[in-house]
Amino acid sequence: MVQNDDSAEWNTDDDLYFEIDNFQSSPKSSSPLVTSLDHMFATLVDMGFSDDMIARAIQENGEPFLYVNEYICLFSFNVIVNDFAGPNAETSAIIDTISKYSMNCEPSSSKSKTIDHFLAMGFDEEKIIKAIHKLGEENMEEIANALLSSEADTSPMMKEEDNMDWSDSDDEMKYSDLLSSDDEKDQDSLYSCNPLSSLVKMGFSELEASLAIERCGDSVSIADLADFICAAHIAREFDEFHIDPEEQKPRQDIKKRRKEPRPSANNQPLHLPNPMIGFGVPNEAVFITHRSLPALARAPPYFYYENVACAPTGVWETISSHLYDVLPDFVDSKFICAAARKRGYVHNLPISNRYQIQPAPKLTIQEALSHTRKWWPAWDTRTKLNCILTVHASAQTTKRIRLELEAHTGEPSEATKRYVIEQCRRWNLVWVGKNKVAPLDADEIESLLGFPKYHTRGGGISNTDRLKSLGNSFQVDTVAYHLSVLKPLFPDGISVLSLFTGIGGGEVALHHLKIPMKTVVSVEISEGNRNILRDFWDQTNQRGEFIEFEDVQDLTRDKIVELMKRFGGFDLVIGGSPCNNLAGGNRVSRSGLEGEQSSLFFEFCRILEVVRETTMEMRRS
DNA sequence: TAGATGATGATCCCTGGC
DNA sequence: GCCAGGGATCATCATCTA
């Protein structure tokens, strides 16, 4: 079982990380733990249950699991924490759970979902069905590989960056694969005669091919047209693929409720997915493991950009177009922790084999803030907090609520309940006593956002600034989930260029993932935030080199080149530029990407481009 | 003077009704 | 398909207070 004990803080549980780390770095070891788990897993597979069902059943019975490398590793925390209690102790309960899944499973729903998924990617239905029949519908990745292989002759640009052998530790090999652009040129010349017929031959429908040509113009390459169609497929998957099968209805029954978004420069409107789980979150059984990354985005280094999802119309289209047309991974952190945080992440990271750092965050307010549980009235049914902002409720607000509640001797009136709930939602209030609500304090926010306890405490930063910095930060568990794919790629450590570092959410995520940081060049305007990160660096005994800059504009081309030559380049450029002019909470200057602060996004693009160019030059020489 | 407090809408999206 | 209503949102700024 995952420990409920609050003492299991990130910063004090190094032993636990050590065990996880060892387990992941040698997944094929013959330790009793792995042997037993492998045996149980193999036995259940032999019994005809799918990997997914087994994993879900084990999770439901209290055994979290991790996706490691190319296969699922079952992982028992009580084994580690309590010195191997034995995975077989709950095997019968797990089998019972799987049996229920099997009995309750609607074959058509899951299979149609798998078929729909690959249909949306443009594969032939007959081939999909054959692949599912041969490999099992739950083996999404193998099905995708099989389909890609079968399509290779007719659809060369469908090769996926995720199909690379990530276990290969030779970075040069991986990047050379990424950098290979000759294939792109060849395929363009191959299909340059008639774009429409070429796209149809590649398996796209005539309608979507002609639509792509109409949208993009007939002068663009076949590869770009194919990328456009694939991008549209993925965007559609955001809206449809993740819908609960129980709620999924025929397309003609879905009411069109949204206004048509303003088209972007490349005529590609972006939708926020509902539910907002992007390419997948840890607790969802279904997630996308492959995507078509535009050729331009495949060049090193890896980049990871974050900002608020609910930005003014057209902003994400602009961001995407400036970051090599990579589609944002829109994720609401409420699927990963107890607080909502709707963010868009544009990155060129692989998306398969992600895993969550353990122990996983608590998913409900009552679990995450257990000290509030006994005061929580039954009529306040909230289980998730709203987004943690930079401002919090005034004492007047909580006083008004207390007086309103104290006016009733028993159960409050319905009007009072409505008022209190509305205020609680608006200001993210939690129950701290009888008739007493309070805003979250900084310590609680640190915990909810996945930071080590007291991460922002001390160092001369005021409480107000502490709350402001936290409100502007990453949700560490969400970012760590995305960055987890880097773990097998950089076993010897990673060099990071961290822009708009804030209080170091990216660095904390890498530390939690136990990815050694060889170099961190950090750029952060706030002195208080720089102090916080420097303290973190010292307190966690980092051995790498740590360099700070105050302003992104100090990172001139010459400076970047100098730093890259000194450190051998950067493996990851990470950052979330200011959202001040994008955030809904801004009543004064929500002026979009052209705003005073948010226009710094273009500095992120400038610096990333210099790093990419310099990386190319360094690899050529 | 630094830090804390409290009042200040706009925008986007979803829901539900017609 | 349209529209009104409501919920949610990495905030800003003037004023107060110690």
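All values below were derived from every heavy atom in this structure, side-chain atoms included, with hydrogens, water molecules and symmetry-related copies excluded. Protein chains get the first letters and strands the later ones, always in sequence-line order, with residue 1 at the start of each. Just so we're clear, the structure is a prediction, and the values are computed from it rather than from any experiment.
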Atom pairs and distances, side-chain donor-acceptor, residues 431-441 of chain A, under 3.5 Å, sequence neighbours left out:
unit_1  : atom_1 : unit_2  : atom_2 : d
W431(A) : NE1    : D380(A) : OD2    : 2.7
D441(A) : OD1    : D443(A) : N      : 3.1
D441(A) : OD1    : E444(A) : N      : 2.8

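In terms of modelled atom types and a separation under 3.5 Å, the side chain of K362(A) and the main chain of L369(A) share no donor-acceptor contact. Under a 3.5 Å cut-off, the side chain of R341(A) and the backbone N or O of I388(A) do form a donor-acceptor pair.
Taking only side-chain nitrogens and oxygens, S473(A) never comes nearer than 4.0 Å to OP1 or OP2 of dC10(C). Within the structure, a side-chain polar atom (N or O) of R425(A) is placed less than 4.0 Å from OP1 or OP2 of dA8(C). At dT9(C), one or more side-chain N or O atoms of N386(A) fall inside 4.0 Å of OP1 or OP2 (strictly under the cut-off). Between S462(A) and dA4(B) there is a side-chain polar atom (N or O) within less than 4.0 angstrom of OP1 or OP2.
Spacing between dG6(B) and dT9(C) at atom P, rounded to whole Å, works out to 22 Å.
By the 4.5 Å heavy-atom criterion applied to side chains, F451(A) and T456(A) are not counted as neighbours.
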Query raised in the report: Where does DNA chain C pair, written as one dot-bracket string 5' to 3', with Watson-Crick or G-U pairs under 3.5 Å, ( ) inside the strand, [ ] for crossing pairs and | for another strand?
Result: |||||||||.||||||||
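Closest to the side chain of N580(A), out of dT12(C), dG6(B), dT9(C), is dT12(C). Which of dT12(C), dG6(B), dT11(B) sits closest to the side chain of S589(A) comes down to dT12(C). Listed nucleotides: dT9(C), dT11(B), dC10(C). Nearest to the side chain of R590(A): dT11(B).
In terms of heavy atoms, F335(A) sits closest to P275(A) at CZ-CB, 3.6 Å.
Aromatic pair Y305(A)/F601(A): ring centres closer than 6.0 Å.
Side-chain N/O atoms of R587(A) and base N/O atoms of dC13(C) include no donor-acceptor pair closer than 3.5 Å.
Counting any heavy atom pair closer than 4.0 Å across all strands shown, N581(A) reaches no nucleic acid atom. C310(A) comes within 4.0 angstrom of nothing in the nucleic acid, heavy atoms only.
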